[in-house]
Amino acid sequence: MLKVSFVILSLSAGVFAQAAPYAQCGGQGWTGATTCQTGWTCVYSNPFYSQCIQGSASGTTTTTKTSTSSAPSSTLTGIAATAPTTPPSTLVGKLPALGWNSWNAYACNINEAKILAAANQFVSLGLKAAGYQYVNIDDCWAKTARDTTTGRIVPDSTKFPNGLASVATQIHNLGLKIGIYSDAGTNTCAGYPGSLGHETLDVATFSDWGIDYLKYDNCNVPSNWTDAAQPQGNDWYNSNSAVRYRQMTAALATVSRPIQFSLCIWGTAHVWDWGARVGHSWRMSGDANPSWGYITGIITTNVAHLSSINFFSHNDMDMMEIGNGNLSIQEQRTHFAAWCFFKSPILLGTDLSLLSSDELTIIKNAELLAFHQDATVGTPAAPFTAFASMPTTSPPEYYSGKSSKGVHVFIINTSSASATKQFTFANVPGLGTTGSFKVHDMWSGTDLSGTYTASSTFTVSVAAHDTVSYLIKSA
Ligand SMILES: *[C@@H]1O[C@H](CO)[C@@H](O)[C@H](O)[C@H]1NC(C)=O
Ligand SMILES: *[C@@H]1O[C@H](CO)[C@@H](O)[C@H](O)[C@H]1NC(C)=O
Ligand SMILES: *[C@@H]1O[C@H](CO)[C@@H](O)[C@H](O)[C@H]1NC(C)=O
């Protein structure tokens, strides 16, 4: 993958007040503070947004970093010198995955009936028609020991009495795809066999069953695979962590079946810098939970790495918690909208039969899903300066992005401040400074009344923790 343009702004301190942790500190039209508090660094995110990130951003010196190409292999030693450099399949994974994963609903309490029920609910609830495709089995599907003769991982015969090839066939017969789970360590997080050192055999097994997607976790890593503070050549692609995942990428290339590869690496080893050279998506953090704090926290994390997102290259914000916990309907809308406009994989993580009609309406919203699944624009929405003297929040509240339909604006109400949300059309990247516009509400699928010029300001009252989603059309 190419890119990652970190530019560290180094304006002399004292000219402006210093921006707070995670606050905006630069970007086109930005007039606020451009330096951060001690211990924080202003890091370029995109032409419209820079943000204070903790630390001195070591390894990202003062100039533009144009690629993450590795040091010449002759300078590498140990496992990195001989590790495979096979790229991921381009037959799958262009667009972020849409599907379901068993973990948040059932944890280890899975079986064939529950997996097939989810698959059937994709059809009966209209999720398949909306584009949801992957029915993914998480941890705890296997017996605790490999087959002593073949060395293969064996499905738990109590949970899956007919085996997983049978489950895969039934899911394929519904026009859907099936995902499985393994781990780049000795054992999975729940203690079942891991695939480190068994990659080729395990991929052959998954391929024989008809598996379409692999979530590859990061538990039980042997001590000789841990990483030094700086990997060889200062390139995390050559870290031991990356090599554990690269071994699986190479194994996936040994079977003709294309298998989408999800790196569940918890946002470690600077995965956003090299993930696209190894898989199709990568987790940005530890596990999600159904809280407003998780949603705003992962948005903030992701905002610093939006340049990693494009076709075949997706920052994974983890499972959809819609249906779990106490999230308000407004918070659920923000959860779904942000995963859509950042093009994160969307894997529903609940018992689908318990979703309310309001929740189903959110996760089937055709216009947000169209933005997420756009086949001609791979880049996500990004923060922008919506109006002069805009206050900063963490995470940012104003985002814009392009789709094949045009230019979009998304506004999150994150704070308890009662300021009206607003944006000036000319400030929206891509709209230009002439012309007239109408605002189309993506949630309701309707055009709002009113026609605006480039210098007009649009205002809207956004409910607490809600997100409004617009397509800006030419009037
Ligand atoms: C760790 O040890 C195992 C077993 O000896 C070996 O196969 C593997 O390559 C080692 N890993 C690293 C990073 O050296
Ligand atoms: C739901 O909210 C209540 C308080 O409003 C809290 O005590 C409880 O832990 C929450 N449940 C979940 C699952 O977050
Ligand atoms: C946004 O939500 C906050 C509560 O978090 C509320 O106080 C405020 O009035 C809302 N803003 C608007 C413009 O509705």
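Counting starts at 1 for both ligands and their atoms, in listed order. These numbers were taken from a predicted model, which means no experiment stands behind them. When a residue number appears, it is its place in the shown sequence, counting from 1.
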Proximal protein residues to ligand 1, non-hydrogen atoms under 4.0 angstrom: Ile79, Asn224, Trp225, Asn240

Looking at Thr249, Thr85, Val243, which hits side chain to side chain contact (heavy atoms under 4.5 Å, CB included) with Val278? Thr249

Asp208 with Arg152: basic N within carboxylate O range, under 4.0 Å: yes

Kindly write out the residues that satisfy side-chain contact (heavy atoms from CB on, under 4.5 Å) with Ala190, not counting sequence neighbours, or none if the list is empty. Cys108, Asp139, Cys140, Thr188, Tyr192

Determine yes or no for a side-chain-to-main-chain donor-acceptor pair under 3.5 angstrom, with Trp339 supplying the side chain and Asp318 the backbone. yes

Applying side-chain hydrogen bond (donor to acceptor under 3.5 Å, both in side chains), can you list everything that pairs with His335, at least two apart in sequence or on another chain? none

How would you list, by chain and number, every residue that makes a side-chain hydrogen bond (donor to acceptor under 3.5 Å, both in side chains) with Gln121, sequence neighbours excluded? none

